[in-house]
Amino acid sequence: MPTHYDTLGVSKSASTDEIKKAYRKLCMQYHPDVASSSSSKSTAQPKNADKFKRISEAYSILGNENKRRRYNFDISESGIQELRKK
């Protein structure tokens with residue numbers, strides 16, 4: 001399962017500015033209004049809308065320091081639990 005970092009294409013050590021820059025770039029690429037006008041295929045629209053929702057969700061967490069800290073803790077805890085199962 002991809003992490004929010006994977007969704008935005010940034011590393012876990014990325015700065016807030018790097019996260020914001022990646023978010024804005026992806027928004028311009030996948031925003032349903034922008035992407036639908038530049039793409040003639042109607043099948044790309046639902047994919048772009050889903051991708052845009054994932055991008056927005058990732059930024060809502062990673063763009064907020066408190067939520068990001070909590071998210072990092074949660075993904076590190078889930079990794080530890082997976083190792084314990086093995």
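For clarity, every value in this text was computed on a predicted model and none was experimentally measured. In this chain, numbering begins with 1 at the start of the sequence shown.
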message = Please determine whether side chain to side chain contact (heavy atoms under 4.5 Å, CB included) holds for the pair Asn72 and Tyr5, giving the CA-CA distance in whole Å, both sets of side-chain angles, and the decisive distance to 0.1 Å.
response = CA-CA 10 Å; Asn72 288 339; Tyr5 293 102; 2.6 Å; yes
Evaluation steps, side chain to side chain contact (heavy atoms under 4.5 Å, CB included), between Lys12 and Thr3 = CA-CA 10 Å; Lys12 192 173 176 182; Thr3 66; over 6 Å; no
inquiry  = Assess the residue pair Arg70 and Asp74 against the criterion (salt bridge (Lys or Arg N to Asp or Glu O under 4.0 Å)); give the C-alpha distance rounded to whole Å, side-chain angles, the decisive distance to 0.1 Å, and a yes or no.
reply    = CA-CA 6 Å; Arg70 174 64 190 213; Asp74 288 346; 3.3 Å; yes
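In terms of heavy atoms, Val10 sits closest to Glu18 at CG1-O, 4.1 Å. In terms of heavy-atom proximity, Leu8 sits nearest to Ala22 at O-CB, 3.5 Å. Closest approach of Ala49 to Pro32, counting heavy atoms only: CA-CG, 4.1 Å. The minimum heavy-atom distance linking Tyr71 with His4 is given by the pair OH-N, 2.9 Å. Between Cys27 and Phe52, the closest heavy-atom pair is SG-CE1, 3.6 Å.
Atom NE2 of His31 and atom CG of Leu26 lie 13.0 Å apart (nearest 0.5 Å). Taken to the nearest 0.5 Å, the CD atom of Glu57 stands 8.0 Å off from the OG1 atom of Thr7.
Heavy-atom contacts from other residues, nucleotides or ligands closer than 6.0 Å to NZ of Lys20 number 12 or fewer.
No donor-acceptor pair under 3.5 Å is formed between the side chain of Ser56 and the backbone N or O of Lys53.
The side-chain heavy atoms of Gln29 and Ile55, taken from C-beta on, include no pair separated by under 4.5 Å. Between Lys47 and Tyr30 the shortest side-chain heavy-atom distance does not fall below 4.5 Å.
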